[in-house]
> 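The following block contains the structure, expressed as structure tokens.
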Amino acid sequence: MRVHTGGRYTGRFAPSPTGPLHAGSLAAALASWLDARAHGGTWLVRIEDVDTPRCIAGMDHYILGQMARCGLIPDATPLFQSLRLAAYATALQQLIVTKQAYACACTRKDIEIALTWLGHARTRHAELLYPGTCRQGLNGRGARSWRFLTRDIPVFWKDRRLGEQQQNVALEVGDFVIKRADGLFAYQLSVVVDDAMQGISHIVRGEDLTDNTARQIALQQALGLPTPRYLHTPLVLAADGQKLSKQNGAAEVDTGTEAAALGSLFKAAAALGLDAPVSGDNTGLALARWTHQWRSLYTTP
Ligand code: GLU
């Protein structure tokens, strides 16, 4: 693995504009901001608007406004993934030329049938594990999507909070889609291309994304890109213990007034194990105090 050695710390928060920030995404934004500040680094925001059917018009600026009212202001103009399609196409081409990606003609039905024949329908998060039908070619069928050719070896990495991790992507995930049948580039490819282009040295994001990391490292290695350091933060859970997400209707964080924004920040900070408010607090003071606390929690070399 080629570890990121650029020297300078560059971090990022990468929201998808599919809904307003909720307590969980605000915690991820706060954690990545704090980590960048604690390292004296640069903090970038990337709007991940490639999955266009799920994006909501105007939500990008809405999210940026919510963040600004919480004092989380990026150090450069945000990057929009919708403007980066040429770079994703180049990366896909590179993978095709180096025989690390292949065209796939299978529909979901085809995959189900193939798995029945094989007698082991393996699933992962309700997704069928691709049995590799098109690895040897399309047999005259039309290409629908593009898949990454995974290698049957474990990917090892060390999370700054969760410790040593490993995953054999070929066995546990299978050859995953990098360009979808609807023509859109998949998150795994766009995230890897942009993290490298933006010189991201440290990725700090919610623990729900931990499971994507091995796939992203495999893609970085296939494309000859450096691997950033990773820190996955604790999730903010709903009252019923379920993960908060836009899909299950998690409430938008209230940033309508300064007091409301501060209250939302405190909830996010509590989820990250940071100190409670003190009297006379404001956003700037609280962020400065947490940066100090974060440094002692997470910046050991
Ligand atoms: N855009 C992704 C999301 O909203 C986050 C991607 C990442 O941090 O790697 O969940």
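For ligands, and for the atoms within them, numbers begin at 1 and follow the listed sequence. Only a predicted model underlies this, so the values are computations on that prediction, with no experimental measurement involved.
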> Taking 4.0 angstrom as the limit and counting only heavy atoms of Glu48, give me the atoms of ligand 1 inside it, by number and element.
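Those atoms are 1 (N), 2 (C), 5 (C), 6 (C).
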
> If you count the atoms of ligand 1 from 1 in the order shown, which ones are under 4.0 Å from a heavy atom of Ser16?
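This gives 1 (N), 2 (C), 3 (C), 4 (O) as the contact atoms.
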
> Can you list the atoms of ligand 1 that are under 4.0 Å from a heavy atom of Ala14?
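Matching atoms, with element in brackets: 1 (N), 2 (C), 3 (C), 4 (O), 5 (C), 6 (C).
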
> Can you name the nearest heavy-atom pair linking Ser201 to Tyr9, along with the distance?
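Answer, listing the atom of Ser201 first, then Tyr9: OG-CA, 3.3 Å.
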
> Which pair of heavy atoms, one from Ala29 and one from Trp43, lies closest together, and at what distance?
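It is O-CZ2, 3.8 Å.
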
> Tell me whether Asp275 is salt-bridged to Arg289, with the criterion being a basic N under 4.0 Å from an acidic carboxylate O.
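No, this pair does not count.
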
> Can you find a pair of side-chain heavy atoms, one from Arg205 and one from Tyr230, that are under 4.5 Å apart?
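They are in side-chain contact.
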
> Tell me the contacting part of Tyr187 for ligand 1: side chain, backbone, both, or neither, using a 4.0 Å heavy-atom threshold, strictly below.
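Looking at Tyr187 and ligand 1, just side chain atoms fall under 4.0 Å.
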
> Say whether Leu209, considering both its backbone and side-chain N or O atoms, lies within less than 3.5 Å of an N or O atom on ligand 1.
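Looking only at distances, the answer is no, because the N/O contact criterion of under 3.5 Å is not met.
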
> Hey, is Gln216 one of the residues with a heavy atom under 4.0 angstrom from ligand 1?
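Checking ligand 1 against Gln216, which is what was asked, there is no heavy-atom contact under 4.0 Å.
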
> Please identify which atoms of ligand 1 are closer than 4.0 Å to at least one heavy atom of Arg205.
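In order of numbering, the contacting atoms are 7 (C), 8 (O), 9 (O).
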
> May I ask you to list the atoms of ligand 1 that are less than 4.0 angstrom from any heavy atom of Val191?
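That gives atoms 9 (O) of ligand 1.
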
> For the pair Arg160 and Asp35, find out whether any cationic side-chain nitrogen is under 4.0 Å from an anionic carboxylate oxygen.
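Salt bridge flag = yes for Asp35 with Arg160.
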
> Answer yes or no: does atom CG of Asn139 have more than 12 heavy-atom neighbours from other residues, nucleotides or ligands under 6.0 Å?
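Not more than 12 within 6.0 Å, no.
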
> Could you see which bit of Ile203 sits under 4.0 Å from ligand 1, with heavy atoms only: side chain, backbone, both or neither?
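Looking at Ile203 and ligand 1, no heavy atom falls under 4.0 Å.
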
> Of all the atoms in ligand 1, which lie at a distance below 4.0 Å from a heavy atom belonging to Arg12?
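Ligand 1 atoms under the 4.0 Å threshold to Arg12: 7 (C), 8 (O), 9 (O).
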
> Over all heavy atoms of both residues, which pair between Trp294 and Thr233 is shortest? Give the atoms and the distance, please.
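Result for this residue pair: CH2-CG2, 4.5 Å.
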
